[in-house]
Peer 1: 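Attaching a single structure in structure tokens format; questions to follow.
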Amino acid sequence: MGIQFKDVSYAYKGLKVNYDAIQHIDLTLEGKGEFIAIVGQTGSGKSTLVQHMNALLLPNSGKVVVFGQELPPKKKEKINYLRQKVGLVFQFPEYQLFEETILKDIMFGPKNFKSTEANAESMARKAAQIVGIDESLYEQSPFRISGGQMRRVAVAGILAMEPEVLVLDEPTRGLDPKGRRDLMTIFKSLHETEGKTIILISHDMDLVSEYAKRVIVLKEGHLVFDGKKEDLFEHPEFEQFHLDLPTPLKILKHLEKTVGVPYQPKYDFDSLLSYLKEVSHE
Ligand SMILES: Nc1ncnc2c1ncn2[C@@H]1O[C@H](COP(=O)(O)OP(=O)(O)O)[C@@H](O)[C@H]1O
Ligand SMILES: [Mg+2]
């Protein structure tokens with residue numbers, strides 16, 4: 001099933017003119033097992049694109065099909081349930097926390113979609129556990145914890161709805177390195193142990209290179225690359241995408257040029273270090 005975009009364009013309506021945000025996008029995402037990064041400069045249309053994945057925005061032209069539901073819908077159908085199937089964590093989601101206690105905040109989503117309070121609570125507890133929010137915090141106000149923890153509470157609120165696809169719009173932005181890594185470890189484990197499809201918008205090429213398998217590049221509202229990360233970073237015209245190279249690849253290119261270490265792409269620091277150990281013993 002998954003999500004398909006067929007020639008999708010969207011423009012924001014202004015008073016005098018409209019602002020084209022994405023144009024003629026064709027795209028197929030599997031509902032299970034993918035780890036995809038969406039990258040591109042600020043204003044390239046990333047946030048607009050992902051808001052089509054759970055019907056927060058409806059295409060001006062073309063169509064999106066989300067788990068079999070066509071968008072825009074042909075007749076007046078209820079499409080709210082898509083927000084449960086495709087969970088979207090916005091940029092700076094902690095600004096949307098509002099309940100008195102952390103547990104209530106995480107319960108808000110499942111309460112809206114599932115019937116009973118008890119059911120919602122058990123889903124919220126499970127989600128809180130996944131993101132590592134300790135039980136002793138459940139009754140505290142979400143506004144009295146650290147930024148990194150607030151971000152986790154916000155992610156738990158989406159996870160509690162048990163979405164099949166998890167879309168994360170710059171989830172690590174503004175976090176310190178440890179907070180960043182902790183959060184990425186949670187997403188990786190959701191992907192590996194539960195087979196959830198993760199769609200990650202990020203400017204951090206080191207994270208993209210370490211975690212994503214497939215990368216989609218947007219440029220001025222157009223999709224300009226969709227494929228394996230290996231093919232993106234080794235693309236002969238990589239500069240045209242205006243992206244930064246991941247640090248391990250930068251180091252390896254530099255070492256090849258300066259001291260002749262044979263270039264072999266490595267996508268994270270651990271593999272870079274093992275490779276350097278290997279060649280230094282030869
Ligand atoms: N609410 C809005 N009203 C008008 N224009 C917008 C709005 N949101 C985004 N845009 C414009 O749409 C384009 C794509 O924006 P966006 O999807 O937010 O890009 P990104 O997430 O890649 O930074 C940009 O030119 C941006 O200025
Ligand atoms: Mg954005």
Side-chain angles (χ1 to χ4, degrees), residues 3-27 29 34-64 66 71-72 82-83 86-97 147 150-151 154-155 157-158 163 165-175 179-180 183-184 187 197-209 211-212 214-227 229 232-233 235 238-246:
I3 303 174
Q4 289 91 38
F5 282 68
K6 294 175 186 161
D7 198 19
V8 171
S9 299
Y10 184 86
Y12 291 95
K13 303 249 175 303
L15 279 179
K16 293 201 177 113
V17 289
N18 294 337
Y19 302 93
D20 290 329
I22 53 172
Q23 295 180 64
H24 304 293
I25 303 283
D26 286 300
L27 190 58
L29 310 169
E34 289 206 273
F35 202 127
I36 303 171
I38 302 180
V39 302
Q41 290 181 313
T42 300
S44 59
K46 304 180 296 296
S47 297
T48 305
L49 179 78
V50 299
Q51 287 175 63
H52 283 77
M53 295 180 183
N54 70 352
L56 280 175
L57 293 177
L58 296 173
N60 294 149
S61 68
K63 70 177 175 185
V64 182
V66 183
L71 302 170
L82 288 182
R83 315 246 157 96
V86 182
L88 176 64
V89 179
F90 283 99
Q91 283 182 50
F92 300 109
E94 54 274 26
Y95 296 155
Q96 287 161 19
L97 300 176
M150 282 168 91
R151 187 81 51 100
V155 171
I158 300 294
V165 175
L166 188 60
V167 184
L168 304 151
D169 196 345
E170 305 203 35
T172 58
R173 188 136 178 213
L175 297 184
R180 236 176 1 234
L183 210 51
M184 287 309 297
F187 302 143
T197 279
I198 307 283
I199 299 174
L200 169 79
I201 295 182
S202 182
H203 281 283
D204 186 330
M205 282 301 153
D206 290 359
L207 293 183
V208 169
S209 129
Y211 293 98
R214 172 178 170 192
V215 186
I216 288 165
V217 184
L218 293 185
K219 191 174 163 188
E220 294 164 6
H222 293 273
L223 192 155
V224 291
F225 180 91
D226 177 5
K229 70 168 167 221
L232 172 66
F233 295 128
H235 199 287
F238 181 74
E239 296 77 39
Q240 69 173 324
F241 302 123
H242 302 293
L243 299 170
D244 213 12
L245 265 185

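Note that ligands are numbered from 1 as they come in the structure, with each ligand's atoms numbered from 1 the same way.
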Peer 1: Would you indicate whether the side-chain heavy atoms of K229 and V208 approach each other to under 4.5 Å?
Peer 2: no
Peer 1: With side-chain contact (heavy atoms from CB on, under 4.5 Å) as the test, pick out the partner of L27 among I36, L49, I3, I38.
Peer 2: L49
Peer 1: Report the residues that fulfil side-chain hydrogen bond (donor to acceptor under 3.5 Å, both in side chains) with D226, sequence neighbours left out, ordered by chain and then residue number.
Peer 2: R214
Peer 1: Just so I know, are the side chains of D7 and K63 near enough to count as touching, which here means a heavy-atom distance under 4.5 Å?
Peer 2: no
Peer 1: Indicate whether any N or O donor in one side chain lies under 3.5 Å from an N or O acceptor in the other, for E220 and S44.
Peer 2: no
Peer 1: For the Mg ion (ligand 2), check which protein N, O or S atoms are under 2.8 Å away and list them.
Peer 2: S47 OG, Q91 NE2
Peer 1: Can a side-chain donor-acceptor contact be found between S202 and Y211 if the only test is distance below 3.5 angstrom?
Peer 2: no
Peer 1: Write none if no such pair exists; otherwise list each N/O atom of ligand 1 with its protein N/O partner under 3.5 Å and the distance.
Peer 2:
{"residue": "ligand 1", "atom": "17 (O)", "partner": "T48", "partner atom": "N", "Å": "2.9"}
{"residue": "ligand 1", "atom": "17 (O)", "partner": "T48", "partner atom": "OG1", "Å": "2.5"}
{"residue": "ligand 1", "atom": "19 (O)", "partner": "G45", "partner atom": "N", "Å": "3.1"}
{"residue": "ligand 1", "atom": "21 (O)", "partner": "S47", "partner atom": "N", "Å": "2.9"}
{"residue": "ligand 1", "atom": "21 (O)", "partner": "S47", "partner atom": "OG", "Å": "2.9"}
{"residue": "ligand 1", "atom": "22 (O)", "partner": "S44", "partner atom": "N", "Å": "3.2"}
{"residue": "ligand 1", "atom": "22 (O)", "partner": "S44", "partner atom": "OG", "Å": "3.4"}
{"residue": "ligand 1", "atom": "22 (O)", "partner": "G45", "partner atom": "N", "Å": "3.0"}
{"residue": "ligand 1", "atom": "22 (O)", "partner": "K46", "partner atom": "N", "Å": "2.9"}
{"residue": "ligand 1", "atom": "22 (O)", "partner": "K46", "partner atom": "NZ", "Å": "2.8"}
{"residue": "ligand 1", "atom": "23 (O)", "partner": "G43", "partner atom": "N", "Å": "2.7"}

Peer 1: Quick one: pull up CD1 in I216 and CG in L232 and give me the separation to the nearest 0.5 Å.
Peer 2: 11.0 Å
Peer 1: By ring-ring contact (aromatic ring centres under 6.0 Å, His included), which residues pair with F35, not counting sequence neighbours?
Peer 2: H191
Peer 1: Using 0.5 Å steps for rounding, measure from the CD1 atom of I199 to the CG atom of L166.
Peer 2: 9.0 Å
